[in-house]
Amino acid sequence: MRSTGKVRTPGVAESTRTARRVLSVAVALAFAGCLDWNALYGARCGDGTVNGREECDDGNTTAGDGCSASCRVEPAPGLCGNTRPDPDEACDDGNDENDDACLNGCSFAACGDGFVWRGAEQCDDGDTDNQDGCSRTCLACTHPDGALFRSENGHCYTLHPGAATLAEAVAACDSAGGHLWTTTSAAEARDVNRNLVRSTAPLWLGYRTTPTPAGWLTGESTSFQAWGPGEPSAVSAGCVVQLADALSGATWRSATCAERYAFVCESEPALLFATTHHAYRLRTQPRPFSEARDVCAAAGGHLVTLETEAEHGFVAGRFSIEVWLGASRTPANDFAWLTGAPLSYSAFGNGQPNDANGNEDCLAQTRFDAWNDVDCSQQRRFVCEFE
């Protein structure tokens, strides 16, 4: 038979039958695991949306996190320790240590949890008994010559009857994790004098009349003062002692800082910033930058780093004195935090940093809360930060 040269075109009915056969085979292959059902619908495992035959889709193709690389539900391991705070975790620092701000179970460290947060807490015995040497505020409140825990402010006071100069007293209190006594209310003065000091002999206070402005070494409010008649009689003397009297109570008088008197050390709980759960402790013994840096590191922390406006406001609102900041000049002639965090937030004062005399390679915060570049060899008080 001769060919007519015509090509046979399938009819509509036959085309429909063919499409149905192809779809039937595809369905069979998909259910048999031989065809990617999601691909058939333009979806893929890891796109964050459960499609087709996916049992789950957590937005990645990582196995071992509860949803497999093929989007099948799998047993989820304990997520604490993956450095990422997951649901029901307060924190996750990726380690199993219980002496930092984030405990092994991914909860925040807190006074009373039975674990000592290094640097932020002096002790933690897990109870609220203030008479067992560890107070409810996690202060090691004990001393051979006498100690007093004051419930009203949660502070601890220790008596040091040996005579010392002001500088020696400041250093002794600093080494014990506290500061020279700052009596900021009549009630505090009464409690400490009646229950701990019990003496009319002169006693150092952590108050300076020079250099100006006068105030407490801690930068606390000076609204309470108890000067005796005619006092301060010698502002230029620089220092202040308390004279306790059974009838008139305690009064203050001027003293030269080289005189030698007994003293009381005061310690208080670390300041806690709820936003980051970082803790801060003031050190009132002035030191050069390098020494301050090393003291904080030895305690388990670092010189304070003010990484946000909120953190800056929080810390400056409590420590309104000149203190070192944990930043120094880099070879690129800018500043960087010692922790490696970027210095993306700053609060430099007018005309700062100016690198006066070409040797201002460290940062400090002034009592006006502004930042300034200064000579690293200068001595300043400082704040240690613990996280």
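None of these values were measured; they are calculated from a predicted model.
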Report task. Return the orientation label for the Trp371 and Phe348 ring planes: parallel under 30°, perpendicular over 60°, tilted otherwise. Result -> perpendicular
Query - Distance-only polar pair, side chains of Thr276 and Glu387, donor-acceptor under 3.5 Å - result: no
Query raised in the report: Would you call the rings of Trp216 and Trp252 parallel, tilted or perpendicular, where under 30° means parallel and over 60° means perpendicular?
Result: perpendicular
Requested in this report: Step through it carefully: locate the ring centre of His278, locate the ring centre of Phe273, and say whether they are under 6.0 Å apart.
Outcome: no
Query raised in the report: Side chains of Tyr280 and Glu311: do they bring a donor and an acceptor to under 3.5 Å?
Result: yes
Query - Cysteine SG atoms at Cys138 and Cys123 closer than 2.5 Å - result: no
**Report entry** Test: Cys141-Cys134 SG spacing under 2.5 Å
**Finding:** no
Report task. Would you indicate whether Arg72, at its atom CZ, is surrounded by more than 12 heavy atoms from other residues, nucleotides or ligands within a distance under 6.0 Å? Result -> yes
**Report entry** Heavy atoms of other groups near Gln225 CD, more than 12 under 6.0 Å
**Finding:** yes
Report task. Tell me yes or no: between the side chains of Asp375 and Ser377, is some donor less than 3.5 Å from an acceptor? Result -> yes
Requested in this report: Would you kindly say whether Glu220 and Thr184 are connected by a side-chain donor-acceptor distance under 3.5 Å?
Outcome: no
Requested in this report: Show your working on disulfide (SG to SG under 2.5 Å) between Cys257 and Cys239 and close with a plain yes or no.
Outcome: CA-CA 5 Å; Cys257 301; Cys239 293; 1.9 Å; yes
Query raised in the report: Of the options Glu55, Arg44, Glu54, which is the one that meets Cys71 in a side-chain contact (heavy atoms from CB on, under 4.5 Å)?
Result: Glu54
**Report entry** Any donor-acceptor N or O pair under 3.5 Å, side chains Glu168, Trp204
**Finding:** no
Requested in this report: Using a cut-off of 6.0 Å, state whether more than 12 heavy atoms not belonging to Asp334 lie near its atom CG.
Outcome: yes
Report summary line: When every non-hydrogen atom of Ala69 is compared with those of Thr61, the smallest separation belongs to CB-O, 3.4 Å
Report task. With side chain to side chain contact (heavy atoms under 4.5 Å, CB included) as the test, would you mind laying out the steps for Trp117 and Asp124 before giving the verdict? Result -> CA-CA 8 Å; Trp117 181 358; Asp124 195 325; over 6 Å; no
Requested in this report: Report the hydrophobic cluster partners of Phe115, with the cluster defined as I, L, V, M, F, W, Y residues connected by side-chain heavy atoms closer than 4.5 angstrom, directly or transitively.
Outcome: Leu103
Query - Check: Tyr207/Gln242 side-chain N/O donor and acceptor closer than 3.5 Å - result: no
Query raised in the report: Should the heavy atoms of other residues, nucleotides or ligands under 6.0 Å from CD of Glu152 be counted, would the total exceed 12?
Result: yes
Query raised in the report: Do the cysteine sulfurs of Cys265 and Cys173 sit under 2.5 angstrom from one another?
Result: yes
Query - Minimal non-hydrogen separation, His277 against Ala109, with atom names - result: NE2-O, 2.8 Å
Requested in this report: Give yes when the SG atoms of Cys56 and Cys67 are nearer than 2.5 Å, otherwise give no.
Outcome: yes
